[in-house]
Undergrad: 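Next up is a structure, given as structure tokens.
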Amino acid sequence: MPTAPDQLKFLASTFAVLTLLGCAPMDVKDIVEDTPNYLDKTFTAAQLPTEVRKQASSSHAAPRFRTIKIKFNYQVENSVGEKILSTTSNNLYKDLGNGLIQLFGQDANNDLVFSRYYGLTYAGAIELRAQMVLSNKKTANFITEVKSYKTFASDIATAQENSIYDYDWNSGTAIQIAGYIERKKHCVTGKAFPASQLYASLPGTAFDMDCELISNGSASYRQHYVFLQQYGLAVLMGSTYANRKITDTITSVEIQ
């Protein structure tokens with residue numbers, strides 16, 4: 001029979017493994033101080049469930065950029081159109097190949113960061129794994145992830161104008177093994193226009209992409225993206241919820 005010290009060692013080692021897998025709460029301080037390594041250890045294809053990884057890596061597309069840094073001003077309005085928040089956001093997109101885009105975002109007021117977003121997406125528009133980290137909390141939120149797909153339109157990585165892309169999946173926290181949330185996403189693209197209309201230095205063409213999110217059979221919110229065709233990247237430009245609306249404006253772009 002294990003002794004008390006042996007049990008403590010077992011519990012400690014188990015907690016350490018769960019932490020590395022994103023299954024145990026992590027201190028905000030530890031994540032923030034190790035952001036680049038944390039992203040590369042936690043938000044790549046390797047951490048996805050096997051079948052999701054196969055579906056999300058099926059495009060076999062080579063990376064089209066190294067990193068893209070975009071700075072936004074964004075405004076939040078309540079349901080009657082009153083401005084309730086105006087702040088800045090810095091997003092770093094990294095192309096991992098096969099349509100997979102790693103995303104790190106920071107929201108700030110007066111140059112003070114109040115929230116951070118860590119994520120792995122498909123083409124920027126389809127969230128595969130994500131975590132919100134709030135500066136005023138001791139521990140970070142649990143990582144959420146796609147558990148399985150029923151419908152997955154991999155061709156959104158090479159999206160075209162005037163097209164439709166549909167997704168149907170189950171999601172939960174990384175630690176969950178049952179009781180998943182059923183989600184759907186319906187995206188429609190518009191007519192192509194020069195990407196420079198969005199921001200002067202952006203090359204190639206772009207088009208609007210409007211998506212509706214459905215959770216457990218009910219519409220939950222809408223998202224507005226602009227898809228940058230040259231980079232295979234959908235950039236979120238706004239969201240609409242029942243009680244608020246968020247609108248983003250790009251203020252700077254840096255491409256490597």
Side-chain angles (χ1 to χ4, degrees), residues 22 43 45 47-59 74 76-81 89 91 93 99-103 105 107 115 117-132 141-191 207-228 232-248:
F43 296 96
Q47 290 81 41
L48 296 173
T50 301
E51 289 305 312
V52 174
R53 181 169 64 250
K54 289 179 180 178
Q55 289 171 298
S57 302
S58 62
S59 72
Y74 77 82
V76 183
E77 297 178 350
N78 62 19
S79 58
V80 294
S89 180
N91 282 3
Y93 307 86
L100 298 175
I101 308 292
Q102 190 183 79
L103 172 57
D107 295 335
S115 71
Y117 172 90
Y118 298 78
L120 178 68
T121 74
Y122 190 76
I126 309 304
E127 191 173 80
L128 301 172
R129 209 163 198 257
Q131 185 178 32
M132 185 66 71
N141 292 353
F142 280 110
I143 292 170
T144 59
E145 64 180 11
V146 173
K147 298 295 186 177
S148 63
Y149 271 108
K150 299 176 184 176
T151 305
F152 183 83
S154 62
D155 53 344
I156 199 171
T158 53
Q160 303 296 315
E161 62 179 331
N162 301 320
S163 299
I164 295 173
Y165 302 91
D166 284 308
Y167 302 85
D168 187 346
W169 72 97
N170 291 322
S171 71
T173 65
I175 198 172
Q176 259 183 282
I177 59 172
Y180 305 137
I181 297 174
E182 296 180 6
R183 299 189 188 277
K184 294 182 179 182
K185 191 168 189 174
H186 175 72
C187 298
V188 179
T189 60
K191 184 177 174 59
F207 39 79
D208 292 320
M209 177 183 289
D210 291 297
C211 302
E212 182 175 63
L213 278 293
I214 297 170
S215 299
N216 292 328
S218 298
S220 52
Y221 60 97
R222 296 187 296 273
Q223 295 173 312
H224 174 65
Y225 296 87
V226 172
F227 189 84
L228 304 177
L233 173 64
V235 178
L236 183 62
M237 298 297 297
S239 302
T240 301
Y241 301 84
N243 62 349
R244 69 192 186 280
K245 182 177 181 180
I246 302 171
T247 304
D248 293 355

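In this text, all values refer to a predicted model and were calculated from it rather than measured experimentally.
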Undergrad: State which residues pass side chain to side chain donor-acceptor pair (under 3.5 Å) with Y118; sequence neighbours excluded, sorted by chain then number.
TA: T35
Undergrad: Among residues at least two apart in sequence or on other chains, which ones pass side chain to side chain donor-acceptor pair (under 3.5 Å) with S115?
TA: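 Partners of S115 by the side chain to side chain donor-acceptor pair (under 3.5 Å) criterion, ordered by chain and then number, come out as D107.
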Undergrad: If we only count heavy atoms from C-beta on, is the L48 to V146 side-chain gap below 4.5 Å?
TA: no
Undergrad: Taking all atoms of both residues into account, what is the closest heavy-atom pair of Y117 and E127, and its distance?
TA: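 Distance-wise, the nearest heavy atoms are OH-OE2, 2.6 Å.
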Undergrad: Just list the side-chain donor-acceptor pairs under 3.5 Å for residues 232-248, sequence neighbours left out, or say none.
TA:
none

Undergrad: If every non-hydrogen atom of Y149 is compared with every non-hydrogen atom of T151, which pair is closest and at what distance?
TA: CD2-O, 3.3 Å
Undergrad: Can you list everything that forms a side-chain contact (heavy atoms from CB on, under 4.5 Å) with L213? Sequence neighbours excluded, please.
TA: W169, K185, S220, Y221, Q223
Undergrad: Please list, chain by chain and in numerical order, all residues satisfying side chain to side chain donor-acceptor pair (under 3.5 Å) with E145, sequence neighbours excluded.
TA: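 Here the qualifying residues are R129, K147.
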Undergrad: Filter on salt bridge (Lys or Arg N to Asp or Glu O under 4.0 Å), then keep only pairs touching residues 157-172, sequence neighbours left out; what's left?
TA: none
Undergrad: S57 and L100: which non-hydrogen atoms are nearest, and at how many Å?
TA: OG-CD1, 4.0 Å
Undergrad: What residues, two or more places apart in sequence or in another chain, satisfy side chain to side chain donor-acceptor pair (under 3.5 Å) together with N141?
TA: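 In terms of side chain to side chain donor-acceptor pair (under 3.5 Å), with neighbours along the sequence ignored, N141 is linked to no residue.
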Undergrad: Output all residues satisfying ring-ring contact (aromatic ring centres under 6.0 Å, His included) with F227, sequence neighbours left out; order by chain, then residue number.
TA: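 ring-ring contact (aromatic ring centres under 6.0 Å, His included) list for F227, sorted by chain: F207.
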Undergrad: Please list, chain by chain and in numerical order, all residues satisfying side-chain contact (heavy atoms from CB on, under 4.5 Å) with E182, sequence neighbours excluded.
TA: N170, N216
Undergrad: Can you list everything that forms a side-chain contact (heavy atoms from CB on, under 4.5 Å) with A153? Sequence neighbours excluded, please.
TA: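 Checked A153 against side-chain contact (heavy atoms from CB on, under 4.5 Å); matches are D155, Y165, Y167.
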Undergrad: Using side-chain contact (heavy atoms from CB on, under 4.5 Å) as the criterion, list what pairs up with T50, not counting sequence neighbours.
TA: R53, K54
Undergrad: What heavy-atom pair brings I181 and S215 nearest, and what distance separates the two atoms?
TA: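 Nearest heavy atoms, I181 then S215: CG2-CB, 4.4 Å.
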Undergrad: Considering only heavy atoms from C-beta outward, does the side chain of I164 approach that of V188 to under 4.5 Å?
TA: yes
Undergrad: What pairs of donor and acceptor atoms, side-chain ones from residues 171-178 against any protein atom, are under 3.5 angstrom apart with sequence neighbours left out?
TA:
unit_1, atom_1, unit_2, atom_2, d
S171, OG, R183, NE, 2.9
T173, OG1, Q176, N, 3.4
Q176, OE1, T173, N, 2.8
Q176, NE2, A178, O, 3.0
Q176, NE2, G179, O, 3.1

Undergrad: Within the 4.5 Å heavy-atom criterion, are L120 and L103 side-chain neighbours or not?
TA: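 Heavy-atom side-chain distance check fails, nothing below 4.5 Å.
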